[in-house]
Amino acid sequence: MARSKYQPAEFEPKWQARWAESGDAMARDDDPRPKFYNLVMFPYPSGDLHIGHWYNYTGADIFGRFMRMRGYNVMQPIGFDAFGLPAENAAIKRNIQPRTWTLANIANMQQQLRRLGAAWDWSREVITCLPDYYQWTQWVFLQFYKHGLTYRTKAPANWCPTCNTTLANEQVVNGACERCGTTVERREIDQWLMRITKYADELLNFDGLEWPEKTRLMQTNWIGRSEGAEIRFTASIPKENRKRGQKASVELPVFTTRPDTIYGVTFFVLAPEHPLVEQLTTPEQRDAVQSYVEQTRRESEIERMSAEKSRAKTGVPLGSYVKNPVSGEQIPIWIADYVLMSYGKGAVMGVPAHDQRDFEFARAFDLPITQVVQNGDEPLTDPATWDEAKPAHGRLVNSGPFDGVPGDEATKRVIAWIEEHGVGAGSVNYRLRDWLVSRQRFWGSPIPIVYCEEHGAVPVPEDQLPVRLPDEAEFRPTGESPLRYVPEFLNTTCPICGAPATRETDTLDTFLCSSWYFLRYADPHDEEHAWDEKKVAKWLPVDMYIGGPEHATMHLLYARFFVKALRDMGLLNISEPFTRLYHQGMVLGPDGQKMSKSRGNVIAPDDVVTRYGADGVRAYLMFMGPFDQGGPWNNQGIEGVSRYLNRVWTLVTDYVEASEGHGSAQSSAGREVERLRHKTIARVTSDYEGLRFNTALAGMMEFVNGLNKAREGADDLIRDARYGAAVETLLTLLAPLAPHIAEELWSRTGHSDSVHQQSWPTFDPAMTVDDVITIVVQVNGKVRDTMQLPADVTEAQVREHALASAKVGAALDGRELRKFIYVPGKLANVVG
RNA sequence: GCCGGCGUGGCGGAACGGUAUACGCGGCGGUCUCAAAAACCGCUCCUCUCACGGGGUUAAGGGUUCGAAUCCCUUCGCCGGCACCA
């Protein structure tokens, strides 16, 4: 009989269709088994699924299938993050409506996603650009509005002149637009912001989360909590600038992390955009100040921030002075672009002796440098001889009443002093800023706000949601949302007074859509609510979330903020959305470089799937290296993995063909096969648990190698029931990783049910140990011999055998035994 | 500059502080074949030796330990994040 060949194309589509029909992947709300919410970051419908999606989703699907076989009610949804800029760019470029483009891409990608053979629950599919979804995005926005967590203000926006839109700080990379690379400018526009800073402190707490250390660190640094003090300096307003009846001075607060250096302040610097700059500029300095302010305005703040550290300090004195509230000294006020308006108070106290930036500034402008902190026993030297600032903490000197205060107490003492004298207080500052969510764009969820001449910004009543996006718009590069030119959209009436009013024409950042989609999956078709409390309580939090590390400081932070805020509104009873987080690595091109069309090193999933089958691609991707590491694609590597699946096919079909008398023999090789089976279950199970798919597959390869070896010279083994058990175990272990071939072979071994409905195989720990073990014998840490001994050998026996070894004797070379170390079952070290 | 991570055969990568190089790729040799492909079997870190054996090796150098790829320190290289954050 001609042996059948492994030809995945012959059965993969069949099983995909059958799984879809069976509805096995649909998670039921009333399933009594423990739930497991297995989530992947949903794709943006860019047009085609790329190999990175395959990588991400294969790993996630393996884990989900594994958990399902272990008895969990797994919910594994999929959907599309469908609003966003590329659709609009395509619209402009190809004169096609964003909606048309997006929906066509979704249809294509749905087919591509099916080819993966993943156990998606399509009944829960969520598409964020459809009104039945964005209605609730708008509703969520209104809840934030109601609770004062979103607000509108004229704010400096990161403006990309090419995309004609504002960008979130997170979307600005090195001062340039993340998408098109254009240098970002600043513009003052009325914008909507989300008050994420209110949750800064809570977001620093990761208790109970199984998240990569790296991601927690990135978020922690992004939030950037600094402890210190706010200190209020008092500036004298130049006589010429005072209006009649106006006070002669104005308060200038600063934030500092080093209140202990307060006596070292020798100058004071404002950001050039600081609102008091003009008022504090003397007539003599006016021209110089104005031209400096204009110069810095031309360079965006982002540009200044991205400038190299070595960049020379620039600045101009205002001509006026502030009083140091602690020392009483009068010090000159400057403006300089190294001070950022967006952090702290937009002002710093210059302590050149103990801050490197201030040091450089003082050197550039010949400002005095006063040492006020002594570093240990280091003798005081003339700061004029220093090469750099001395930022270390230490005992205070030259600090009036604080002289001699030790470093660990200095900060506390100064804060106590300023609080007592009412000139400041201990305070905390964050690098994190509020999240700007307005986009001057069409393809996003409309912001459900109406502007009325009398009532100002009025939220759209919830029963009037959704505020529908028009099907079509005209795309002109005006810098304003195309919605402004759709009169039917723009013109409306005030929900309060009914007078003519206009709608907000900006749309929401797409990150808003993805900040709550994992809640909607729990209740995707609810027409009355964004989600049903009970369903969300059942499914949330997400037990496993797999996606790329590039979302560490954006999506993953926003989603946490949303959940906390919604909890405080009484809409959720959880504090964190994602209990366990895992970042898959990146698949690189065969040249080891990031895949890109310009490099011509892109591997298209469709091509390789046609050639090797979905299982071949899945298995190869997972075998490439550790899942969180990724690695370069190798065309010969996938051949090897494909050959393995071929060997599985041959092994199982041979077994099926020899079906005469299954279980009728007691082969001498049966015991070893059974032992190998238990060992393999043990290691593969533990590898799957830890998402170590590469070693899990290596384990299954060794299993197949071992079974083939065992059959050599044991013709009756194939009829031994223990061999049959090994074959079935192999298929169940393989099922999560290569679901189609496992299912096909499972059915060929005579099963009418699905391999994916089997419960996960168990093992007996006693069966994972050999009768005879190999003990390595070292002399002084060097391997000199190995011994085969019964598994239950005692230490005394091992010692006896080891010392009897001729090789050990030779290695000892007459030295006396000083020490004997025994690692049970493994190794003995003779020290002499 | 600061904060993380990583450096293991020709290649991708394995190794609870305990036989470094599992598994796979590639290479070499063989079986089958008229031949090739496929499939299967064997060998394959470096070095000395005919061999038996010995020595060396986890970026480099040092340390801790009976024993280090693994822990600690220094240096170099690569990757990621932040980047004048007061």
Side-chain angles (χ1 to χ4, degrees), chain A residues 3 5 173-175 212-222 224-226 228 254-258 261 269 271 304-311 313 336-340 342-351 354-358 360-361 429-433 549-550 552-553 583 586 588 592 620 623-626 628-641 643-644 646-647 650 692 694-702 704-705 708-709 712 774-786 807 810 818-823 825-832:
Chain A
R3 173 184 282 164
K5 279 183 72 179
V173 177
N174 284 334
E213 175 70 23
K214 184 182 154 192
T215 310
R216 297 197 310 237
L217 256 164
M218 270 168 76
Q219 290 202 351
T220 303
N221 292 338
W222 188 262
R225 185 180 201 273
S226 296
V254 293
F255 172 75
T256 176
T257 54
R258 297 296 303 273
T261 63
V269 192
R304 279 156 53 197
M305 290 201 303
S306 69
E308 266 150 47
K309 210 198 160 185
S310 56
R311 179 177 150 138
K313 294 280 180 292
D337 66 3
Y338 82 93
V339 176
L340 310 172
S342 53
Y343 182 80
K345 300 289 169 189
V348 303
M349 54 184 224
V351 185
H354 306 293
D355 179 282
Q356 184 58 26
R357 293 152 301 178
D358 296 343
E360 286 164 17
F361 191 74
N429 226 301
Y430 301 91
R431 208 195 72 109
L432 182 72
R433 303 175 199 173
E550 66 275 16
T553 49
H583 296 305
M586 195 192 292
L588 305 172
Y620 172 60
F623 190 61
M624 217 159 53
D628 58 1
Q629 192 183 297
W633 180 276
N634 180 321
N635 285 317
Q636 283 160 337
I638 191 169
E639 288 284 353
V641 171
R643 275 203 284 271
Y644 167 70
N646 231 314
R647 283 200 296 278
T650 307
R692 293 182 297 269
N694 56 331
T695 49
L697 189 51
M700 290 185 263
M701 286 173 171
E702 287 182 58
V704 167
N705 293 345
N708 281 331
K709 189 124 241 159
E712 280 172 26
T774 303
I775 305 266
V776 172
V777 187
Q778 299 181 330
V779 175
N780 294 335
K782 276 194 181 301
V783 178
R784 294 300 174 186
D785 202 358
T786 58
K807 289 174 185 168
R818 282 197 292 136
K819 205 169 176 184
F820 183 83
I821 286 155
Y822 179 55
V823 181
K826 281 204 161 156
L827 172 143
N829 190 8
V830 178
V831 184

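In the text below, chain A, chain B and the rest are named by the order of the sequence lines, each starting its count at 1. What you see is a predicted model; the values in this text were computed from it and never measured.
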Considering only nitrogen or oxygen atoms on both sides, find all protein atoms under 3.5 Å from nucleotides 42-47 of chain B and state each distance.
| unit_1 | atom_1 | unit_2 | atom_2 | d |
| --- | --- | --- | --- | --- |
| B:G42 | OP1 | A:Lys709 | NZ | 2.7 |

State which residues pass side chain to side chain donor-acceptor pair (under 3.5 Å) with A:Thr774; sequence neighbours excluded, sorted by chain then number.
-> A:Gln788

Residue list, side chain to side chain donor-acceptor pair (under 3.5 Å) with A:Glu213, at least two apart or on another chain =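 For A:Glu213 the side chain to side chain donor-acceptor pair (under 3.5 Å) partners, ignoring immediate neighbours, are A:Arg216.
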
Please state whether the phosphate of [N], meaning OP1 or OP2, lies under 4.0 angstrom from any side-chain nitrogen or oxygen of [X].
X: A:Arg643; N: B:C40; answer: no
X: A:Asn705; N: B:A22; answer: no
X: A:Lys214; N: B:G5; answer: no
X: A:Lys782; N: B:G56; answer: yes

For the residue pair [X] and [Y], what are the closest heavy atoms and their distance?
X: A:Thr215; Y: A:Ala552; result: CG2-CB, 3.9 Å
X: A:Gly825; Y: A:Ile775; result: C-CD1, 3.7 Å
X: A:Arg647; Y: A:Asn705; result: NE-OD1, 4.2 Å

Please name all residues satisfying salt bridge (Lys or Arg N to Asp or Glu O under 4.0 Å) with [X], sequence neighbours left out, ordered by chain then number.
X: A:Glu550; value: none
X: A:Arg225; value: A:Asp201, A:Glu227
X: A:Asp358; value: none
X: A:Arg431; value: none

Using the [atom1] atom as the point on both nucleotides, what is the distance between [M] and [N], in whole Å?
N: B:G26; M: B:C11; atom1: C1'; result: 7 Å
N: B:C32; M: B:C25; atom1: C1'; result: 24 Å
N: B:C78; M: B:G24; atom1: P; result: 34 Å
N: B:A69; M: B:C16; atom1: P; result: 13 Å
N: B:C3; M: B:U8; atom1: P; result: 25 Å
N: B:U21; M: B:G10; atom1: P; result: 15 Å
N: B:U70; M: B:C6; atom1: P; result: 12 Å
N: B:G9; M: B:U57; atom1: C1'; result: 10 Å

Among B:G24, B:G55, B:A86, the one nearest A:Arg784 by side-chain distance =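 Out of B:G24, B:G55, B:A86, the nucleotide with an atom closest to A:Arg784's side chain is B:G55.
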
Tell me what [X] touches on the nucleic acid: a base, only sugar-phosphate, or nothing, going by heavy atoms under 4.0 Å.
X: A:Arg647; answer: sugar-phosphate
X: A:Asn429; answer: nothing
X: A:Gly640; answer: sugar-phosphate
X: A:Val348; answer: base

For [X] and [N], what is the distance between atoms [atom1] and [atom2] respectively, to the nearest whole Å?
X: A:Arg431; N: B:C82; atom1: CZ; atom2: P; result: 8 Å
X: A:Gln219; N: B:C3; atom1: CD; atom2: C1'; result: 15 Å
X: A:Tyr644; N: B:A38; atom1: OH; atom2: C1'; result: 20 Å
X: A:Arg216; N: B:G80; atom1: CZ; atom2: P; result: 23 Å

Give me the distances for all protein-to-nucleotides 18-20 of chain B N/O pairs that come in under 3.5 Å?
| unit_1 | atom_1 | unit_2 | atom_2 | d |
| --- | --- | --- | --- | --- |
| B:G18 | N2 | A:Gln778 | OE1 | 3.1 |
| B:G18 | N2 | A:Asn829 | ND2 | 3.3 |

How does each nucleotide of nucleotides 6-15 of chain B score, in 5' to 3' order, for protein heavy atoms under 4.0 Å: base (B), sugar-phosphate only (S), or none (-)?
-> ------BSSS

Closest nucleotide of RNA chain B for A:Gly224 versus for A:Lys819: which of these residues is on the 5' side?
-> A:Lys819

Nucleotide paired to B:G80 in any strand shown, Watson-Crick or G-U, under 3.5 Å | B:C3

Assigned glycosidic conformation for B:G13 [threshold 90° from 0] |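 Here B:G13 takes the anti form, which means its glycosidic angle is more than 90° from 0.
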
Solution key, residues 628-640 of chain A side-chain donor-acceptor pairs under 3.5 Å, sequence neighbours excluded:
| unit_1 | atom_1 | unit_2 | atom_2 | d |
| --- | --- | --- | --- | --- |
| A:Trp633 | NE1 | A:Asn635 | OD1 | 2.9 |
| A:Asn634 | OD1 | A:Gln636 | N | 2.7 |
| A:Asn634 | OD1 | A:Gly637 | N | 3.0 |
| A:Glu639 | OE2 | A:Tyr612 | OH | 2.9 |

Partner set under side chain to side chain contact (heavy atoms under 4.5 Å, CB included) for A:Lys782, not counting sequence neighbours |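 Expected list: A:Arg784.
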
Who pairs with A:Lys807 by side chain to side chain contact (heavy atoms under 4.5 Å, CB included), at least two apart in sequence or on another chain?
-> A:Asp785, A:Ser805

What class does the angle between the rings of A:Phe255 and A:Tyr343 fall in, given that below 30° is parallel, 30 to 60° is tilted and above 60° is perpendicular?
-> perpendicular

